[in-house]
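To start, the structure itself, in structure tokens.
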Protein chains: 2
Amino acid sequence: MTEVLNKEEQEKELLKLLQSQNMDVFREKFLDWHLYEQGQFYLSLDKKERHLMYAYLSPKEMADMLDVIEEDHEGLTDYITEMSPNYVVAILENMYTDNAVDILSQLEEETARTYLDRMKPETSVNMKRLLHYEDKTAGSIMATEYVSIVANQTVRSALTLLKKKAQEAEIIYYVYVVSLTNQLVGVISLRDLIVSDDDMMIEEMMGERVISVGVNEDQEEVAKMIRDYDFLAIPVVDDNNHLLGIITVDDIIDVIDDEAASDYSGLAGVDVEATTESSFQAALKRLPWLVTLLFLGMSTASLISHYEVLISEASILAVFISLITGTAGNAGTQSLAVAVRKLAVSDDKELNFFSLIMSEILTGIITGAVTGVVIFLVVGFWKQNFPLGMVIGIAMLCAITIANLAGSLIPILMEKIGFDPAVASGPFITTLSDLTSVLIYFNIAGLFMPLIVGSV
Amino acid sequence: MTEVLNKEEQEKELLKLLQSQNMDVFREKFLDWHLYEQGQFYLSLDKKERHLMYAYLSPKEMADMLDVIEEDHEGLTDYITEMSPNYVVAILENMYTDNAVDILSQLEEETARTYLDRMKPETSVNMKRLLHYEDKTAGSIMATEYVSIVANQTVRSALTLLKKKAQEAEIIYYVYVVSLTNQLVGVISLRDLIVSDDDMMIEEMMGERVISVGVNEDQEEVAKMIRDYDFLAIPVVDDNNHLLGIITVDDIIDVIDDEAASDYSGLAGVDVEATTESSFQAALKRLPWLVTLLFLGMSTASLISHYEVLISEASILAVFISLITGTAGNAGTQSLAVAVRKLAVSDDKELNFFSLIMSEILTGIITGAVTGVVIFLVVGFWKQNFPLGMVIGIAMLCAITIANLAGSLIPILMEKIGFDPAVASGPFITTLSDLTSVLIYFNIAGLFMPLIVGSV
């Protein structure tokens with residue numbers, strides 16, 4: 001038993017070995033680490049140290065490590081371009097196609113082409129084909145390292161074949177059965193292969209109801225299927241059911257993470273994923289949205305401006321503007337979040353848009369009525385002005401109901417016209433509901449002006 | 001080749017077979033379906049039809065189906081209690097322990113105990129132990145159906161053992177190597193077992209750096225590890241490194257989904273997961289939050305009330321209240337979302353709270369300055385009142401900076417005192433920032449009153 005070092009000490013030891021250029025011991029210790037940990041170590045190095053690693057590690061060793069870290073690290077392209085082109089090409093050839101294509105697609109087109117031109121012809125053709133699929137479709141995230149066999153053979157011969165292909169395949173836990181023209185006809189799990197009698201024929205035991213996804217399917221749909229069916233991978237086919245690739249569950253976790261982050265970003269009106277940017281870059285990204293909303297807010301201001309006469313008659317009206325707009329905005333944000341989530345988790349045909357909107361309106365009426373009564377009592381007693389309390393209460397009820405309508409209707413309309421409903425942001429709904437709330441408030445106040453002023 | 005029916009026709013056919021009590025043909029067709037599809041069919045039935053299914057399907061067949069659908073379906077407890085107790089017990093014994101325990105934990109305690117008392121003693125003891133782990137820990141989501149072997153045997157004997165255990169294990173793609181006292185000492189993937197020479201010794205080829213999680217680890221941490229390491233499963237150990245169970249990737253997908261939904265709910269101030277509730281139930285859940293914020297909003301109103309004298313002197317001041325509070329609220333929501341996300345994805349030790357807050361303040365100053373200049377020009381030209389424009393511009397700059405400070409500081413404080421920062425909701429930040437914005441606005445306006453009124 002060797003002495004046990006904790007993680008930090010091990011990292012320090014490894015760094016010392018690298019810096020003192022003790023290649024053999026470094027390799028022995030480093031390659032013993034898990035690929036993810038290798039990757040974290042690599043990412044913590046400076047440029048000079050990274051170049052030592054390029055000299056010490058084979059392209060295959062580098063490729064295995066990059067396969068595990070590439071999904072979570074956007075700055076990887078800078079690292080790729082600092083390596084010698086031959087090294088990069090050998091790495092990309094050794095990576096799983098989905099990950100290699102992911103890196104290629106992030107590089108500048110010309111750089112990517114240089115690498116592609118140096119690859120083995122069959123690899124290059126394969127990757128160019130994969131690069132062609134539209135972003136966020138099944139085709140764009142699939143790998144081509146699957147195991148496929150034909151049906152008329154025994155379990156024994158299938159297992160022999162699997163042994164040969166096992167090193168290269170991204171996942172070996174499903175074996176896909178194809179026709180002579182590569183059409184997908186069945187699937188067997190490795191578990192079934194292992195427990196079955198060696199002399200059994202594949203065609204007798206394979207599952208014939210294969211669940212697959214089309215190559216142009218949206219990645220979010222693919223994620224939903226893998227999650228529902230509890231799959232480790234799902235095959236991707238073209239329109240004629242030819243097997244093109246597989247999508248594995250680790251890629252799907254990244255899709256689910258990305259989609260969640262984008263829903264979250266949508267609700268806040270800001271991209272929360274860009275975590276490494278400076279304050280200046282962050283400000284530049286947030287400003288377009290803030291300024292757009294500022295101009296929408298200007299229409300609210302200009303609307304209030306129309307009612308200045310009312311305000312100068314009863315300046316107390318101004319006191320409650322922000323309370324009504326704020327509360328309606330809060331209610332609208334709740335409706336928005338519920339509607340966006342329902343749109344995300346339901347199949348379109350299952351979801352009744354009309355009943356979703358009606359239910360949000362009804363929720364708005366109930367919450368609006370309760371909030372309205374509360375504010376009627378508070379304002380009535382506080383300002384000893386019950387007509388004013390009534391005006392604010394009624395305005396609250398109407399403003400909340402309209403905000404709930406807007407919060408549910410807008411994402412549904414966006415879905416209908418083909419946009420992602422998640423980009424309907426909370427700030428947009430609140431700013432829009434400011435406008436309607438002010439309109440409602442002053443119109444109701446206008447009706448009861450004599451009563452309000454009389455009580456001041 | 002039989003005639004090809006589409007999904008909907010198949011469902012109708014199956015339903016007809018069930019209703020006409022044609023058991024044999026029903027079973028043949030139904031069991032040919034994928035477990036998830038079986039589950040969807042079962043969930044679409046009425047009570048009478050479900051009872052036919054209980055008569056037609058063995059507890060094992062029912063258990064396999066429930067294993068796939070249980071995670072996504074909360075109403076399952078109602079279905080469980082309508083079955084005969086003996087049938088339920090047999091189903092639970094046949095399900096993977098993590099799923100069975102999940103169902104038991106959702107039942108009323110007394111009902112759960114009835115079932116536990118009827119189980120085989122060893123199953124019952126095992127499940128009681130699992131029920132004991134705190135919610136949302138590794139222990140609460142682990143299964144005990146893993147494959148473990150000892151080190152001093154050959155690949156051949158390990159594969160023979162695996163064949164025997166394969167049917168029962170939840171996942172067979174990792175084989176865990178344990179000492180005689182069940183301490184976790186190594187891991188081998190099925191892939192390595194398959195490609196290795198049959199006479200090789202397990203101890204020579206096993207990975208000795210086993211990544212595992214403690215039984216009390218938070219499930220979110222477990223999810224992060226499975227995602228980072230691209231694992232299909234991770235072993236769970238106690239403080240003395242004894243192997244207790246495994247957590248599989250399909251359970252982790254559900255954890256990631258749940259956590260994303262709860263972050264999203266937090267930002268909107270509403271639980272977006274409860275999708276089956278009535279408008280009345282929804283209103284009841286949203287009201288506490290809305291009314292709390294209403295009272296916070298009342299302090300803003302009462303603050304404005306203090307400045308009524310200013311407003312009655314220059315009612316134009318009232319016109320811009322909602323613009324300033326709205327824009328600051330939007331900026332604060334952006335800061336909040338970025339801070340919550342950074343807290344969620346980073347390790348605590350990596351994240352410098354001070355620099356995060358400073359960076360958000362700086363972003364606030366930049367966006368505030370740009371927004372301030374825009375509004376200065378717009379108001380100056382629109383109202384021909386540049387002093388007013390200046391007041392609003394400066395107020396905007398200060399209000400946005402403070403809103404960004406609040407948006408980043410509050411989730412960090414919540415994390416520090418041990419709360420989930422994700423519950424710091426957008427509505428709370430906007431309502432709070434209304435208060436500070438109004439305070440800033442009227443104080444600045446007060447300073448420049450003579451200039452503003454002079455220009456009216």
Side-chain angles (χ1 to χ4, degrees), chain A residues 34 36 68 163 166 172-173 191 194-195 211 227-230 249-250 253 256 260 263-264 267-270 272 279 282-283 286-287 290 293-294 297 300-301 304-305 308 311-312 315 318-323 325-327 330 333-334 337-338 341 359 362-363 366-367 370-371 426-427 431 434, chain B residues 34 36 68 163 166 172-173 191 194-195 211 227-230 249-250 253 256 260 263-264 267-270 272 279 282-283 286-287 290 293-294 297 300-301 304-305 308 311-312 315 318-323 325-327 330 333-334 337-338 341 359 362-363 366-367 370-371 426-427 431 434:
Chain A
H34 192 281
Y36 171 72
V68 172
K163 270 196 187 193
I172 59 164
Y173 308 123
R191 185 196 297 247
I194 284 189
V195 299
I211 311 288
R227 190 189 52 199
D228 284 343
Y229 283 90
D230 283 1
V249 69
D250 58 303
I253 289 187
I256 292 176
D263 285 0
Y264 191 79
L267 194 61
V270 62
V272 294
S279 298
R286 295 185 203 176
L287 268 170
L290 279 180
L293 292 175
L294 182 70
T300 308
I304 301 177
S305 186
E308 261 192 81
I311 296 173
S312 59
S315 56
V319 168
F320 296 98
I321 297 176
S322 73
L323 187 66
T325 58
T327 309
N330 293 341
T333 305
Q334 293 180 329
V338 168
R341 183 73 191 176
S359 139
L362 193 56
T363 307
I366 300 169
T367 50
V370 174
T371 320
T431 310
D434 282 358
Chain B
H34 191 281
Y36 170 72
V68 172
K163 271 198 189 193
I172 58 164
Y173 308 123
R191 185 197 298 247
I194 284 188
V195 298
I211 311 288
R227 188 188 54 198
D228 284 344
Y229 284 90
D230 284 359
V249 69
D250 58 302
I253 289 186
I256 292 176
D263 285 0
Y264 191 80
L267 195 61
V270 61
V272 295
S279 298
R286 294 186 204 176
L287 269 169
L290 280 179
L293 292 175
L294 182 71
T300 307
I304 302 177
S305 185
E308 260 191 83
I311 296 174
S312 58
S315 57
V319 170
F320 295 98
I321 297 176
S322 73
L323 187 66
T325 57
T327 309
N330 293 341
T333 305
Q334 292 181 329
V338 168
R341 183 74 191 174
S359 140
L362 193 56
T363 306
I366 300 169
T367 51
V370 174
T371 320
T431 310
D434 282 357

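Chain letters run A, B, ... following the sequence lines, proteins first and then strands; every chain starts at 1. Note that the structure is predicted; figures quoted are calculated from it, not measured.
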Report the option among [options] that has the most heavy-atom pairs separated by less than 4.5 Å from atoms of chain B.
options: Thr300(A), Val338(A), Thr325(A); answer: Val338(A)
options: Ala166(A), Ala260(A), Ala282(A); answer: Ala166(A)
options: Gly297(A), Ser312(A), Ser315(A); answer: Ser315(A)
options: Thr333(A), Thr367(A), Ile253(A); answer: Thr367(A)

Practice prompt. Go through the steps to decide whether Tyr36(A) and Asp230(B) satisfy the test side-chain contact (heavy atoms from CB on, under 4.5 Å), and finish with yes or no.
Written response: CA-CA 8 Å; Tyr36(A) 171 72; Asp230(B) 284 359; over 6 Å; no

Are the side chains of [Y] and [X] in contact, using a 4.5 Å heavy-atom criterion?
X: Ile311(B); Y: Ile304(B); result: yes
X: Leu290(B); Y: Gln334(A); result: yes
X: Val249(B); Y: Asp250(A); result: no
X: Thr327(B); Y: Leu293(A); result: no
X: Tyr173(B); Y: Arg191(B); result: no
X: Thr371(A); Y: Leu287(B); result: yes

Check whether [X] gets within reach of chain B through its side chain, its backbone, both or neither, counting any heavy atom under 4.5 Å.
X: Asp263(A); value: both
X: Ser359(A); value: both
X: Ile256(A); value: side chain
X: Leu362(A); value: both

Worksheet item: How far apart are the C-alpha atoms of Ile211(A) and Tyr229(A), what are their side-chain angles, what is the distance that settles it, and do they pass the side-chain contact (heavy atoms from CB on, under 4.5 Å) test?
Response: CA-CA 9 Å; Ile211(A) 311 288; Tyr229(A) 283 90; 3.8 Å; yes

Name the region of [X], side chain, backbone, both or neither, that has any atom closer than 4.5 Å to a heavy atom of chain A.
X: Leu294(B); answer: both
X: Ile194(B); answer: both
X: Asp434(B); answer: side chain
X: Ser322(B); answer: both

